[in-house]
Amino acid sequence: KWNNHQATLVSILEQQYRQESFVDVTLAVEGVQLPAHKMVLCACSPYFASILTDTPDKHPIVILKDVSPSDMRAILEFMYR
């Protein structure tokens with residue numbers, strides 16, 4: 001039995017995000033590139049799930065409009081925590 005499975009998983013995902021390990025998607029926001037993981041984006045957002053499910057690229061770049069880099073960073077921080 002793994003008593004701390006959920007806490008451990010969240011901790012590992014956050015660590016992978018901070019170290020940019022195994023990233024497989026890039027979000028481009030106002031010329032700023034933000035690396036992320038498809039699995040996390042899809043798990044947290046039907047919008048990203050829809051886009052990334054239909055994308056055959058191994059490492060797509062998703063260009064986002066009408067969002068600032070600081071807001072997107074805050075959203076990513078929330079997703080990974």
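All values below come from the heavy atoms of this structure, side chains included, with hydrogens, waters and symmetry mates left out.
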Next on the checklist: So, using side chain to side chain contact (heavy atoms under 4.5 Å, CB included) as the criterion, who are the partners of Q19 when residues are at least two apart?
Outcome noted: Q15, S21

Next on the checklist: Using 0.5 Å steps for rounding, measure from the CE atom of M39 to the CG atom of L13.
Outcome noted: 9.5 Å

Checklist entry - Quick one: CD1 on I75 to CE on M72, what's the gap to the nearest 0.5 Å? => result 4.5 Å

Checklist entry - Listed by chain and number, what are the side-chain hydrogen bond (donor to acceptor under 3.5 Å, both in side chains) partners of D24, not counting sequence neighbours? => result none

Checklist entry - Does S11 have any side chain to side chain contact (heavy atoms under 4.5 Å, CB included) partners at least two apart in sequence or in another chain, and if so, which? => result none

Checklist outcome for this item: Nearest heavy-atom contact between A36 and L76 is CB-CD2, 4.2 Å

Item to check | Q16 and V40, any side-chain heavy atoms less than 4.5 Å apart | outcome: no

Checklist outcome for this item: For E77, the side-chain hydrogen bond (donor to acceptor under 3.5 Å, both in side chains) test, sequence neighbours excluded, returns R18, R81

Checklist entry - In terms of hydrophobic clusters joined by side-chain contacts under 4.5 Å, are M79 and L9 together? => result yes

Donor-acceptor pairs are to be reported for all side-chain atoms of residues 49-67 against protein atoms at under 3.5 Å, with residues two or more places apart or in another chain.
| from | atom 1 | to | atom 2 | distance (Å) |
| --- | --- | --- | --- | --- |
| T53 | OG1 | A49 | O | 2.5 |
| T55 | OG1 | I51 | O | 2.6 |
| H59 | NE2 | T26 | OG1 | 2.8 |

Checklist entry - What residue pairs, at least two apart or across chains, pass ring pair (Phe, Tyr, Trp, His ring centres under 6.0 Å) with a residue in residues 19-54? => result H37-Y80

Checklist entry - Is any side-chain heavy atom of V32 closer than 4.5 Å to a side-chain heavy atom of L27? => result no

